Structure formats: structure tokens, C-alpha cells
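Heads up, the thing below is written out as C-alpha cells.
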Amino acid sequence: MPDDTVPDNTVPADTVTTDWTADEMMSVAAARLLHDGTVCFVGIGKPSTAANLARRTHAPGVVLIYESGCIGAKPTRLPLSIGDGELATTADSLVSVPEIFRYWLQAGRVDVGFLGAAQLDRYGNINSTVIGDYDSPAVRLPGAGGAPEIAASARDVIVILAHSTRAFVERCDFVTSTGGRVRVVITDLGVLEMGESGELELASVHPGTTVDDVRAATGWDLRVRPPVDQTVPPTAAELAALRDLVAA
Amino acid sequence: MPDDTVPDNTVPADTVTTDWTADEMMSVAAARLLHDGTVCFVGIGKPSTAANLARRTHAPGVVLIYESGCIGAKPTRLPLSIGDGELATTADSLVSVPEIFRYWLQAGRVDVGFLGAAQLDRYGNINSTVIGDYDSPAVRLPGAGGAPEIAASARDVIVILAHSTRAFVERCDFVTSTGGRVRVVITDLGVLEMGESGELELASVHPGTTVDDVRAATGWDLRVRPPVDQTVPPTAAELAALRDLVAA
Amino acid sequence: MSTTPLLPLADAVAAHVHDGDTVALEGFTHLIPHAAGHEIIRQSRRDLTLVRMTPDVVYDQLIGVGCAARLVFSWGGNPGVGSLHRFRDAVEHGWPRPLAIEEHSHAGMAARYVAGASGLPFGMLRGYLGTDLVDHTPSIRTVTCPFTGEELAAVPALRPDVTIIHAQQADRSGNVQLWGIAGVQKEAVLAAERAIVTVEEVVDELTPRPDAVVLPSWVVSAVSVVPDGAHPSYAAGYSERDNDFYSAWDPIARDRAAFTSWIDRHVRGTSDHAGLLAALRTEEALADA
Amino acid sequence: MSTTPLLPLADAVAAHVHDGDTVALEGFTHLIPHAAGHEIIRQSRRDLTLVRMTPDVVYDQLIGVGCAARLVFSWGGNPGVGSLHRFRDAVEHGWPRPLAIEEHSHAGMAARYVAGASGLPFGMLRGYLGTDLVDHTPSIRTVTCPFTGEELAAVPALRPDVTIIHAQQADRSGNVQLWGIAGVQKEAVLAAERAIVTVEEVVDELTPRPDAVVLPSWVVSAVSVVPDGAHPSYAAGYSERDNDFYSAWDPIARDRAAFTSWIDRHVRGTSDHAGLLAALRTEEALADA
């Protein structure tokens, strides 16, 4: 795994806080993986929150690409949709959707791609297509979107997904995208990293969570990489920036 | 051959003139093949002159596309290069060079493509690559440019080329583009049209020229389509517009 | 001079959208042609194949009333809100009729439109590898690079019978200019047999603008003036995205009866987009009172 | 913040253009990076593979001094004037050294750059069919559509070691904006391993403009300020095309000695582009006197 996506646990501990939510912990943990110059392919929701938080705190030079064609977007508030006007007006360059996928993502210009999912397996494969059988699904999900090619073309993939045995499954009902480039999975309970063996391993637990909590919320026999760190909780500065961003 | 590229010999004869050059006759004869709404893929030189003459006379709605990416250019004077600033500033739409070839030419949106050449054979194949052997040429010419795909993708191709046995040859030294869509060849001596048999036939001679003159300047046994018309000479209005354009 | 007819939207849809057609209403969050979708509902088109990268609320509506037999798409959701419940109901329960689906990724759909706009029979991309989409979507095949031997995904060109988009402006000849996030609309228009463009307004002259796409009149079949014709989507420079509407759509679409009643009142019960917008404004005023 | 180094052109060429490299100086009549070509001559680079759709006067010069071992191109001429005599001399007589050529059509070259910019191993097009190019250019092959069976031309991606372009403006971070006829420059930059951009000026902020291409700093390796760096080509908004120079080039290039003397005086005899332009202006003044 390239160094610059290793979770950064060097945040000064004296500024840590305790009044944060699991959601905030996820955004902060994801933001810490981004650095000045990191080119991120960002979707709406947590990835966008994390990337914008990084841009407002330690990584003002992080480059945000939205699949709507906005390269280097610098929104002042969190976009509600991937096509918000502010993403376009603050972008360094605005291009077509075919171009963003071909010249920018497929060409290997993206360092970090974020994905969410309904299901994830131990290999980092994800499902955002259907729960149940494809031809008569229990739940029809929105579908692939950009996931297959983000998963194939971003140098590193980060998955953000709340922990539960329904989401962290032994086997995805449908493989929407493959796990070959998944490096980190950030959940509301901890952080998983891709191990040498190609299987996700628990690397840190968020404050207040135990390894057993995480294993209980995981639908497969989760490997644990000793020693499991405790995720550094959000600092006061991170929390303030995050809450500013969300309130804007 | 579609009707709208049939040479138009219905120009009122009472306005015809006699003080014109063979060059002017070529431009005028080519301009007459274009109509309102005809989408032309235009190169610099005679094609550009002809298309702009049409636009200034009987066909104000002719659409000029230059391979530099200018769609619907309306220059006030003849461009000296395909990338003259005025082509861009007067265009309805300015696009990239890859786009002009893919979305506009290859997609079949061009009605008339113009080609020049160093050599032409009876089938409409042209050579703009080399005279002599490819690997040790007597004369290295500029090369294909857009010709192969203009010849393959424009609905109708018009070749403009001065008559001589060096140019109108039994066999091209190199086939730069094929003759399948060549409908008309306009020369300084007359107008050739593609016959049913797939061979060019003499359809009209310019005033002052005989069929024998044309045959003598043609390096193969040129078919003649009886009755050979006399090309209507440039009208006073055509000449005035052409000279205005050239002088601007 | 070749000019594109300027038609009322109802006439443009009547002339260019036929039962059984393959229809793409494209827009990427920005400039979604909602008004045209509503007009298709008013005219009760049937058996359409609907194409779009990101089917959202207007496709939920078209599917919910039963206009569509088939959907070709890559992501079908209510952006920032959740599922498309009418789409789900059609796929999961066949209501009001079964909906066949042909499912791609965004990159694959974009490649398909590009191929269509380019007059090529197929597009290629480095994609789909290892995904289950390959097993369920027959229009994903492979092609081998004749130089490197690499195997790439191949997808067939999209060639809609008609593409409909919304733009900011047209001039009197029917040249169209849109600006801001342009998505895949240029390709969708150029890939189609016919194209309808709804615009915010007609102007005497199109002023060149940054980040603009200009479509010459001769690639457009009809232009219809429909102010705020993208609502609840938006047109940069003319309107803001109505995020509340997207949120409000969720409970309406969850319930078959609520949905049908909404369509009857707002779409079938109005004669045009101005009427629909007026009905929405009246409700808002009542809710605020 | 990632910023692109702002370097004197001599330093940028020294750092990024190496003997034996594949180098694309792109420009389509407009924005041709002549100054950079001259700097390559000053630094006596050897064995270059030169790539360009429309090699014109600056490539005639690079070929004439013997910088190039190979040319990949689609049309090599002096636009509106005639032949490139140094190019002809190299191909016809091997002077000053033999020049290998790899010859395509414009559409093929464009497809090759697009493939390079897209990270694909090849591009495809409906082209070359029936032409003798197929027999003489091994990098033209075919690929079969897996849906229709149609055979299409396939061409390998172009991936220059370095692409050099000229643009109107950069900002202080190295973001680049060019406008007007943009040719294939975006693709050529994105296809290359490294990219040098010469600009008319550096500005505090890039103002969005119609028909602009913006390249973010992180795809550019070096920016060099070279006013009128496209001369005798032009930069819309900054300069006019020097049509007289193109005409004047013809007799110079026809003669080996006249050519060498011109290069010695104007390129090797000046230390930078400002010096070259000053030399040309002095000559013009003398000629007018």
C-alpha cells in the first residue's frame, strides 16, 4: 500500500475530543488519508465530506474530481448533488462526462477513488446493484454508476461503509466492482486495511469500540492485524471544520 | 448522383461574361454545386474559395466546416490558413480536431467534401503522398491529411484539379484516398462526372475549350458523355463576388 | 438558411416521439428535461425504451405511469435522497408493467454514446473486468488490441430514435447553446436520429460563453421554449436546483396511489409545464400559509 | 498546493527533452510552439522521434538541422505556400541524415492521441480503407466489431515522452488556459509522459473564457513564459499569424546553405526567443529602409 493512504495516527492527542458521532469519526478518518496533491474521484455523501474536510484542514491542495466533469472543484459548502452549480463554477476545469471517464479516470490520473456500497466482502468486492437474485431481486439498488471503473482505474480505492453483518457479508449477492485496488475500508467502528494476502484486516478500532464489537458486526471471520490501534479521535480543529462544512 | 451536386447550368445566359480566367471558372463551377444547407468540409485554396463564393452568392446558408474545428465559419475574407483566427471567431461552434473528425466527418454529417491532389485516376482515386516509389520518392508530397476519411465519409466528394497528363494519370503512384464517393471533378478545362460504370466521364467543357483539348490533357482514354455541354461561364455577379472575396 | 422549427413542446413531442421509440432524455443533475418527460406522459406514449446514464425522478415518473418497456442505464436513484421507488416497483414487482433492464457502468454508457455520436458501431473501454455485469448484460463483449493483445470491454453504440435535452438558449435559427455541467448531452444529441431541445429562452444572438456547448441548428429537429423546463433540476444562470422537491418526491413515489394521484393532478391535470409549475407553487403557498 | 515549476524555456527543454525522446510539438496553425522548437535546436538534441499531425516550418527546421531520426505525421507542408523543402530533402536524399517516416491520416493521428490520452492501447476509426497507406504503415491494423462484424481500422496509442504546446496564459500555480482553435493539444498533453507549456504571460487568475481549454497544473511538468512564442504562428488575443514569414521560408528552405545560414544566424546565433524576434525585426527594418 502506498504510504500516502496509510491512516495517519500522528494527530496530536492533546487536542482530541470526545463529543463526536460515529459518522463524524468516519469522515475524519477518511479525510486523514488525503494529502496535498492527492487527486480524488469523489461522490456525493461521505466521500465528498471527507475530501472537502481534508481541503479545509491539513490538505488545502487536495484535488477533487466529481464525475459530473468538475476537476479541481472547491465548493464553499457541501454539494447536495454531484451536479451542483458551485462544483462547476469553482472548478479549475469543467469537462464532459465522457471525457472525465476516459481522459481522467481511465487514463490513471486519479490517486484515490471513493466507493460506497450495500455489501462488501473480505476481498473488497462490493455490491451496489441488487440484494437477492438479479432477475427477481429482493431490493433493486441504484446500480453501478462509476464504481466498476473507479475500482479498476483509481490507484487506491477507499470504501466508506457503516458496519453491520448485512453489509459486511461472506459473499456479495452481486459483484458490482472488484476489490483489487481497495486499500482501506472505513466504518463507523474502525478501519480495515487490505492485507498482503488480499483479505481485509482490522487495523484500528474507533475509541469506545472493541475488536469483538467489530468482529460481531462483520459477516465473515475478520482477520485482525495485531496490534490493533485505537483510531485517533477527531481533534477539536477537525470537528470544528467538519461542523462548519456541514452547517454551511 | 444526388441531384444537388449536379452542375447547375441554368444560370441566366444574358449575364455571362468573357473576361475570366480558368482559375475563376473552376471556383465558380465548384461554387454552383453547393446549396443552402449543404454541409461542406473545406480545405484552404480553391475549395475554400468556392464554398465562400457560394455563401456570398446563391447559397447564403451553406455550412462551412474547416478541419481545424470551425463549424459554420463565415469568414469575411478568404482564409490564408485553415487555422485563421477569423474562422474560429465567426464559427457557430468551435470544437477540437479529434471531435471534428469523429463526431462530424466520420459520423456522416458532411454532405460535400472537397479534395485536391497531385494525381487522379479514372476511378477517382487520388494521390497526394509521393511521386515515384514510396521508399525512394522522386517527389515527396505533403501526404494524406484528412483525405482518406473525407473520401470515405463525406456523402459526395468533389475534386478540384487543373488538367494535365501529369495529374490525370492512368494509375496513381500511390492511392492516398479512394474514389468511391467522388461525384465530380472540376478542372481548368471542364467538368467530369462519375459515370454509372464507376469511371469519370467528361460532362462539360468550359467556354473556349474543346473535347479534344480535354482528352489531350488526360492521361487515360477519357470517356465522353454525349452531349457534352458547355459550362456556363461565370456571370457578372459571380465574378464580382469572387473578385471581391479574393481582394478582401 | 436552414432553420430548425420552433414548436410548442406538445407539437415537438407529438412529431418526434412515437410509441416503441428508443428515447434518451439526458442531463447530469443539471439541465434534466423534466418538462419534456411530462409531455410524454400527457401524450401517453407506450412501449418506450428509455435510455439514460442517471435515470432520476422524471424516469421514475415515466416508468411509474407505464410508458416504458425497457430501461438502458447505469445508475438509477434519487440523488442525495435514495431509491427510485417506481423504478424499484417495476423491477421488483412488475408494476404497472414489467420493465426490462439493460445495465451498464457510467463509463460504458458514455462510451456507447460517444460511439453513436462518432458513427462507430461500438465503443471500448478498460472496464467491467471481474464484475457480474458481464454475466447479466449481453451488450458487454470484448475486443482484443491488435497491437498489445490486451482484452478490453466493448459496448455497442447507442443510437436513440430521439434524444431530448434542455438548454439555456437558442437563437432564431435554432442554434442551441448550453453551459455549465454539460454531461453527455452533446453526444446523446449527435448519436440520435432526431433531437428535441427545450430552452429557457430564444435570443437574437448567442453570446459565446465559457464552458459552453453549441449545437448548430442542423443537428436539432425541434426547439421548444419552456422556461424552467428542467425543474426540479436547474439551468445555470436561470434557476436553482429545487432540492426540496427531490426530498418530497420520496414519500410520493413510495406509494402507488400517492404517485398516481400526483401524476393525475400535476401532469395529466395540467396542459403544459407552466400549468404544472403553477400547481406546485399553489401547493407551496398553501403549505406555507 | 501542488504547483508546476515556472522555468526559463532553456531549463525546461534541458530538463524534459532528451536525446532519443519521442517529442510532440503540437499546434494546428494556431499556437504552434516555435520557440520551443528553436530551443531544441540550440541544445542540439539528436535522434528524436518527432510527432505531429501537421509538421510545418518548425519541424522543417528541426529536420533540416538533423535533430530527428523519425517523423510520425499526417500532413507535412507549408500551409498555403507549398512543400517543406528540408523535410523533402531528408526523405528524398537523406540530407542531413535519413528520416524514417510513419505516416497516417489526420483522423488516424487524432485517434492515436485520443487513445494515448485515454489510457487505451489503441484507437479505432472508419478509415484508411482501400488506401496504400495500409501497405506502408505497419501501425495500421484492423479490429472487428464484436456486435456487427464490421472491420475497422485500428491504430496504436501515441504516448510521447514529452509534448510541448504554446498557450496564452498560466496562473502562478501553473494551471494553463488556451483559447481559440485548440487542435489536438489537450490530447497530446494528456497522452505524454511529460508536458512543457510555453505561455504568452502569467496572470494572477485565469478568467474563464469561451472556447477555452484549461489544463490543471498537475498535468503540466513545466511552464515557460515566452511572449510571441508561437511566432510565425499566432496566439489569439496576443498576436497575428505572420503570413509573410511562411512565404519567406520557402526560398530559404529550398537551399541547404541558405537554410543553414538562417539557422546559424537566427537560432544558434541567438540565446533565446526574444533574441530571435529582435533579429527578425532588425532584418525587416533594413528591408523596409
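In what follows, chains carry the letters A, B, and so on, assigned in the order in which the sequence lines appear, proteins first and then strands, with residues in each chain numbered from 1. Computed from a prediction, not measured in an experiment: that's the story for all the values here.
Considering only heavy-atom pairs separated by less than 4.5 Å from chain A, the leading option among L84(C), L129(C), D132(C) is D132(C). With chain A as partner, the option from H93(C), H30(C), H106(C) having the largest number of non-hydrogen pairs under 4.5 angstrom is H106(C). Taking V97(A), D135(A), I100(A) one by one and counting their heavy-atom pairs under 4.5 Å with chain C, the maximum is reached by V97(A). Listed options E92(C), R88(C), R126(C), Q185(C) were ranked by heavy-atom pairs under 4.5 angstrom with chain A; first place goes to E92(C). Contact tally against chain C (heavy-atom pairs below 4.5 Å) for P148(A), P98(A), G143(A): the top residue is P98(A). If you tally non-hydrogen atom pairs under 4.5 Å between each of A91(A), G69(A), G146(A) and chain C, the highest count goes to G146(A). Of the residues considered (I181(C), D135(C), T54(C)), I181(C) shows the highest number of contacts with chain A, using heavy-atom pairs under 4.5 Å. The candidate with the highest count of non-hydrogen atom pairs below 4.5 Å against chain A, out of L31(C), V114(C), L133(C), is L133(C). When S136(A), C70(A), G45(A), A138(A) are compared by the number of non-hydrogen pairs under 4.5 Å with chain C, A138(A) comes out ahead.
At a 4.5 Å heavy-atom cutoff, the contact between E67(A) and chain C is made by backbone and side-chain atoms alike. For I101(C), the part lying near chain A is the side chain, with the backbone staying farther off; criterion is any non-hydrogen pair under 4.5 Å. Neither the backbone nor the side chain of V130(A) comes within contact range of chain C; no heavy atoms are under 4.5 Å apart. Looking at A182(C), there are no atoms closer than 4.5 Å to chain A (heavy atoms on both sides), in backbone or side chain. At a 4.5 Å heavy-atom cutoff, Y113(C) makes no contact with chain A through either its backbone or its side chain. Using a 4.5 Å cut-off between heavy atoms, V184(C) contacts chain A through both its backbone and its side chain. Contacts between M109(C) and chain A at a heavy-atom distance below 4.5 Å are absent for every atom of the residue. Only the backbone of H104(C) comes within contact range of chain A, with heavy atoms under 4.5 Å apart.
For R166(A), the CZ atom counts as loosely surrounded, since its 6.0 Å shell holds 12 or fewer non-hydrogen atoms of other residues, nucleotides or ligands. Within a 6.0 Å radius of CD1 in I131(A), other residues, nucleotides and ligands contribute more than 12 heavy atoms. Open room surrounds CZ on R171(A); 12 or fewer heavy atoms of other groups in view lie less than 6.0 Å from it.
Taking the six-membered ring where the residue is Trp, F174(A) and H136(C) present tilted rings, their angle falling between 30° and 60°.
Here the CG-OG1 distance, from D211(C) to T89(A), works out to 10.0 Å after rounding to the nearest 0.5 Å. Between atom CD of residue Q106(A) and atom CG of residue L125(C) there is a gap of 6.0 Å, rounded to the nearest 0.5 Å.
Between T178(A) and G130(C), the shortest heavy-atom contact is CG2-O, 3.4 Å. The two residues E149(A) and G127(C) come nearest to each other via the heavy atoms OE2-CA, 3.5 Å. Nearest heavy-atom pair, L141(A) versus F87(C), reported as atom, atom and distance to 0.1 Å: O-CE2, 4.2 Å. Taking all atoms of both residues into account, the shortest heavy-atom contact from E187(C) to S96(A) is OE2-OG, 4.5 Å. Of all heavy-atom pairs between S81(A) and T29(C), the closest is OG-CG2, 2.8 Å. Minimum heavy-atom separation, R140(A) to F73(C): NH2-CZ, 3.6 Å.
Not a single ring pair (Phe, Tyr, Trp, His ring centres under 6.0 Å) links F114(A) to another residue, sequence neighbours left out.
Scanning residues 238-256 of chain C against chain A with a 4.5 Å non-hydrogen threshold yields R241(C), N243(C), sorted by number.
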